[in-house]
Enquirer: 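Before anything else, here's the structure in question.
Here the structure is a predicted model, which means the values were calculated and not measured. Side-chain atoms are counted along with the backbone in the values below, which use heavy atoms only and exclude waters and symmetry mates.
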Amino acid sequence: MIGESMYQELILEHYKHPQGRGLRDPYDAEVHHVNPTCGDEITLRVKLGDAGKIEDVSYDGQGCSISQAAASVLHELTTGSTVEETLSVVDEFTRLMQGRGKVEADEDVLGDAVAFAGVAKFPARVKCALLSWMAYKDAVVRSAAR
Amino acid sequence: MIGESMYQELILEHYKHPQGRGLRDPYDAEVHHVNPTCGDEITLRVKLGDAGKIEDVSYDGQGCSISQAAASVLHELTTGSTVEETLSVVDEFTRLMQGRGKVEADEDVLGDAVAFAGVAKFPARVKCALLSWMAYKDAVVRSAAR
Amino acid sequence: MTSTSLDVERIRKDFPVLSRELPGGRPLVYLDSGNSSQKPTAVVETVREHLAMHYSNVGRAMHALGAESTEAYESARDKVAEFIGAPSRDEVIFTKNASEALNLVAYSFGNPGNTDPRFTLGPGDEVVISEMEHHSNIVPWQFLVQRTGATLKWFGVTDDGRLDIADISGLITERTKIVSIAHQSNVLGTINPVADVLRRAREVGALVMLDASQSVPHHAVDMAALGADFVAFTGHKMVGPSGIGVLWGRAELLDAMPPFMGGGEMIEAVWMDHSTYAPVPHKFEAGTPPIVEAIGLGAAVDYLTGVGMEAIEAHERGLTAYALDALREVPTLRLIGPDSLDQRGATLSFTLDGIHPHDVGQLLDDEFGIAVRVGHHCARPLHLRFGIPATTRASFYLYNTTDEIDALVRGLHHVQKVFA
Amino acid sequence: MTSTSLDVERIRKDFPVLSRELPGGRPLVYLDSGNSSQKPTAVVETVREHLAMHYSNVGRAMHALGAESTEAYESARDKVAEFIGAPSRDEVIFTKNASEALNLVAYSFGNPGNTDPRFTLGPGDEVVISEMEHHSNIVPWQFLVQRTGATLKWFGVTDDGRLDIADISGLITERTKIVSIAHQSNVLGTINPVADVLRRAREVGALVMLDASQSVPHHAVDMAALGADFVAFTGHKMVGPSGIGVLWGRAELLDAMPPFMGGGEMIEAVWMDHSTYAPVPHKFEAGTPPIVEAIGLGAAVDYLTGVGMEAIEAHERGLTAYALDALREVPTLRLIGPDSLDQRGATLSFTLDGIHPHDVGQLLDDEFGIAVRVGHHCARPLHLRFGIPATTRASFYLYNTTDEIDALVRGLHHVQKVFA
Ligand SMILES: Cc1ncc(COP(=O)(O)O)c(C=O)c1O
Ligand SMILES: Cc1ncc(COP(=O)(O)O)c(C=O)c1O
């Protein structure tokens, strides 16, 4: 077992016990994203609250443990934060994932999401990890546009 | 200086003192061949005699020493022999040239033309050596067809 | 144990990476040769030695190094020609990979400058492929029909992973200009019934291309006996270097085809407004070719010939029999492809209930150093056909052992435990 | 002596072949780097080590070796991008050589499936090249106009070997879709006035491609500063392996172009009847790429950067000055190309009265181990322009010395004696 194993306990935990899974009403925007190369899918809803806060992120989907766990972590990190805060987390997560294993993760910003650092070395898996996060960014833009 | 130098004395001799050079009348067929990759050119005439003998091979051309010496050697080897004999020399010469330096030359058949053995290792020069010989083959076919 | 005349322990010593330790002290269990094979020292050293001590451009250079490189490069062509039983060495064209070889042939059709009726293509004409093709034998033909207005048709695949030739006469018709199918599937392992396809194609005057990327590395394949018109394969899957592939074609067809790429080496003479082209094979080798890579491929076929293609085939057959048995014992494992040894190679793709192949592959690697391939293996339509997004694939080669298959089975049990 | 900050004796030790003895005990005097360069140990060892110990397919593989290969391959892209000052790494596309890069761009025009007006091409549209181009920058455009009915036009060359831009406005017009010229001529050594060509092209909205095969190896070339739309170059001329070339293009153009070859790796999703494509650079990298070759090119640019491109340029400038002087003393020698240091690289082509270049080159090699190139150097139209079938060409690189130029001059005197 190597130090940087992709399957951190935390990822498996989120996979087996996903947080906030299921599609909930009401919502401001719903998006459906697919990764055509591996068939991973996610449907994701965003509900904005007061003072630029994210009131709820609800989702449903299918795919590998990385894609599913990433959605669960996303739910935890975004719900209750301001839109602005969450978008900077998304940016940091994207930077980490696209860094090909050479980027140092900022734990303060990423929290639990640092568990995905090992994924960055596998380009084919990066898309799995990013699927829900890209869907979230998309949904936020759409809900803000309403 | 390496053993298999391309510039055998004999080749330089033929280049500096070409045998039978110049176009002569009468003739049965005349051909003009060009090597477009290096610009070598030859005009060659064949006169058939009695009993299937080659009475004269006359030629004019321009190009590198290999192409010019090959024409001179060709003149020597063909004039006075039967068409059949000369064609088997052409075949053996072609085999040697296309053998990429791995074919053993048959000295009995080739005579002076074995001096060209070193050329076979340089694909770009093989065409120089073969130019007049291919022209000769072509001319013989044409004169026989008349 | 497999019964074979191949000494696998001795062979493993020829492949330095096989004794490597992966980070974290894992041994390497390489079961991904269908994706790309490992390289024996003989190939690595040939590449090194040529690059370091004999390198120069080929063909055009007229000096000692030029002669050495040209001689080595053209000898590699001889070796490959002999290895595949090509009627003529000039029918062996070096490309950068199998994909280029397939694209080269696809681009030969429907070129407005070429009037040879075998290579004209337009509305009403048809191209036939199959549902089990690698993307490299699908997309070039999609491009072709998009450019020309011709129609693309395809063989289906049966539930047990065979080419469905039930309606071969309805599929291959007088309108068919070319049929291009895999000789052996890179997912199913299926070896396709080339003779049946050829027979029908000949009836209607269609050309036949085989994507032999998965067969030439594993079986003695003879061009003359095979009887196809074009065959593509790739060096990196047959213990050769990356960056080198092969197109074999019948000389009279290659002669009739327009050139594909233009540039140095493929010309006879160039004027500003037109050019004439070199004879094959050079007509299709524009620019400086993958010189050292071709030479490395020559060393690879020498190596394979030294071991013996029959011995390799027998060894892989033994491994496949062993693996088919062993995998049957893994709960919920579903094999995608033939479950008998009949007309199949050493490639086994499967699913495990409720566990995504990405997770299977990554855990096998993470925990045991077992390298398998997961995903759609560049054959997405085949996976759609079976209603699954992805499979896990183990593929064997001359250096694999039954111990490694045991390790795979143990690994799969572990994966099932982790995700239980 | 040349004045330079480059320690040529130390550098020569990095290239094992330079201390090699040729058959017959000749030392090697390698003056043919314009054809293809030699390889330093750093490159050879990178290739060897990767092939032997870290090899696997890239991108698609999800295991330890796959990660190592992918990381090394994509790092090579980073290195090349940085080396040429590419605004984005995704603009660096790996091809098999410069010829493929040029063909790729030429095939992007006039594809019936692509309606982007920058890439449509038909009767009335024009493509502009020049009379000094390498065949690889002529023939692809001939193919293009043959396929589409467009017109090919070209810059002439002045008597002193410069691009004749006197009538640039008449040549590049509103009808011009693309101008493709050499950055530096492989025969004349001339460095072309890119800024003038770009200015005119921008006025009329034409795209500009540069064949930088002879400039990138020898000068610090910066894509952003250069301002062209496409740039092609090739690994084997810049101390890299064979089998690898580069196309750089502006991202927004690459995005707008249709794919060239189809296959694995260049797709996003494939159905039997259509496909969607991956973003650049992968969209243009069909099939298994030249993996180890790209990694070797990465080591090559590391090596060049380590020596310093400015130092290399200065060293070559010194050699060129020395050679221009030295060759002036050889009776009847006629230089084809600029005889001053102004806007020229370290490539010198010439003729000797009454002696065919083939004989010059072969004798230099036979007797002294001096490797020069003879012939038309894949630039036949340029030779026709000067009314000669061929030239002898000496081309220098970072490892050449003034002693080697002295050897060349002695050799030429000898050649003249033999053929006197
Ligand atoms: C100016 C120029 N363009 C293009 C090429 C073609 O490069 P390659 O043979 O690597 O495709 C060369 C070298 O052969 C060249 O010198
Ligand atoms: C059946 C099949 N065809 C074509 C290819 C493409 O080969 P390459 O990637 O070398 O172009 C592969 C392997 O990737 C394959 O398995």
Enquirer: Answer with side chain, backbone, both or neither: which region of D:I291 has an atom nearer than 4.5 Å to a non-hydrogen atom of chain C?
Expert: both

Enquirer: Enter the distance from D:D32:CG to C:L65:CG here, rounded to the nearest 0.5 Å.
Expert: 9.0 Å

Enquirer: Please identify, among C:N103, C:V139, C:V17, the residue contributing the most non-hydrogen atom pairs under 4.5 Å to chain D.
Expert: C:N103

Enquirer: Would a distance-only check, ignoring hydrogens and angles, find a side-chain to backbone donor-acceptor pair under 3.5 Å from D:N97 to C:A286?
Expert: yes

Enquirer: For chain D, which of C:Q362, C:M266, C:E133, C:M53 has the most heavy-atom pairs under 4.5 Å?
Expert: C:M53

Enquirer: I'd like to know which of C:G264, C:S37, C:C378 tops the heavy-atom pair count under 4.5 Å against chain D.
Expert: C:G264

Enquirer: To the closest 0.5 Å, what do you measure between NE2 (C:H135) and OG (D:S275)?
Expert: 7.0 Å

Enquirer: Test of understanding: with side chain to side chain contact (heavy atoms under 4.5 Å, CB included), list the residues that count as partners of C:A52, not counting sequence neighbours.
Expert: C:R48, D:P16, D:V44

Enquirer: Does some side-chain heavy atom of D:M261 sit less than 4.5 Å from a side-chain heavy atom of C:F260?
Expert: yes

Enquirer: Pick from D:P40, D:G287, D:G296: which one has the most heavy-atom pairs with chain C under 4.5 Å?
Expert: D:G287

Enquirer: Identify the two heavy atoms, one from C:E293 and one from D:S242, that lie closest to each other, and give their separation to 0.1 Å.
Expert: OE1-OG, 2.7 Å

Enquirer: Does some side-chain heavy atom of D:Y107 sit less than 4.5 Å from a side-chain heavy atom of C:Y107?
Expert: yes

Enquirer: Sequence neighbours excluded, which residues qualify as side chain to side chain contact (heavy atoms under 4.5 Å, CB included) partners of D:N114?
Expert: D:N111, D:D116, D:F119, D:P258

Enquirer: With a 4.5 angstrom heavy-atom cut-off, is it the side chain or the backbone of C:V372 that approaches chain D, or both, or neither?
Expert: backbone

Enquirer: Does D:E68 come within less than 4.0 Å of C:R20, counting only side-chain N to carboxylate O?
Expert: yes

Enquirer: Can you say whether C:S130 sits under 4.5 Å from chain D via the side chain, the backbone, both, or neither, judging by heavy atoms?
Expert: backbone

Enquirer: What distance do D:S136 atom OG and C:E265 atom CD have between them, rounded to the nearest 0.5 Å?
Expert: 8.5 Å

Enquirer: If you tally heavy-atom pairs under 4.5 Å against chain D, which of C:S33, C:A294, C:P259, C:S19 wins?
Expert: C:P259

Enquirer: Quick one: closest heavy-atom pair of C:Y55 and D:S36, and the distance?
Expert: OH-OG, 2.6 Å

Enquirer: Return the option, out of C:L104, C:L152, C:D273, with the maximum number of heavy-atom pairs under 4.5 Å with chain D.
Expert: C:D273

Enquirer: In terms of heavy-atom proximity below 4.5 Å to chain D, should C:L364 be classed as side chain, backbone, both, or neither?
Expert: neither

Enquirer: Counting only heavy atoms closer than 4.5 Å, note whether C:V292 contacts chain D via side chain, backbone, both or neither.
Expert: both

Enquirer: Any non-hydrogen side-chain atom of C:T288 less than 4.5 Å from a side-chain atom of D:T234?
Expert: no

Enquirer: Non-hydrogen atoms of chain D under 4.5 Å away: do they reach the side chain of C:L384, the backbone, both or neither?
Expert: side chain

Enquirer: Shortest non-hydrogen contact from C:P241 to D:L51?
Expert: CA-CD1, 4.5 Å

Enquirer: Taking C:R380 for the side chain and D:V270 for the main chain, is one N or O donor matched with an acceptor at less than 3.5 Å?
Expert: yes

Enquirer: Sort out for me which of D:A106, D:P140, D:S56, D:G361 touches chain C most, counting heavy-atom pairs under 4.5 Å.
Expert: D:P140

Enquirer: Of the backbone (N, CA, C, O) and the side chain (C-beta and beyond), which part of D:Q142 lies under 4.5 Å from a heavy atom of chain C, both, or neither?
Expert: side chain

Enquirer: Do C:H236 and D:N57 make a side-chain contact, defined as non-hydrogen atoms from C-beta onward lying under 4.5 Å apart?
Expert: yes

Enquirer: Please report the shortest heavy-atom distance between C:I138 and D:W271, naming the atom on each side.
Expert: CG2-O, 4.4 Å

Enquirer: Counting only heavy atoms closer than 4.5 Å, note whether D:R147 contacts chain C via side chain, backbone, both or neither.
Expert: both

Enquirer: Do C:S99 side-chain atoms and D:G263 backbone N/O form a donor-acceptor pair below 3.5 Å?
Expert: no

Enquirer: Between C:H376, C:E100, C:E45, C:E131, which residue shows the highest count of heavy-atom pairs closer than 4.5 Å to chain D?
Expert: C:E100

Enquirer: Where does D:L18 contact chain C at under 4.5 Å (heavy atoms): side chain, backbone, both or neither?
Expert: neither

Enquirer: May I ask you to name which of D:H54, D:K153, D:H134 has the most heavy-atom pairs under 4.5 Å with chain C?
Expert: D:H54

Enquirer: Heavy atoms only, distances under 4.5 angstrom: which of D:G113, D:G245, D:A379, D:A269 has the most pairs with chain C? Name it, please.
Expert: D:A269

Enquirer: Heavy atoms only, distances under 4.5 angstrom: which of D:Q146, D:R385, D:H377, D:H358 has the most pairs with chain C? Name it, please.
Expert: D:H358

Enquirer: Is the closest side-chain heavy-atom distance between C:I129 and D:M272 below 4.5 Å?
Expert: yes

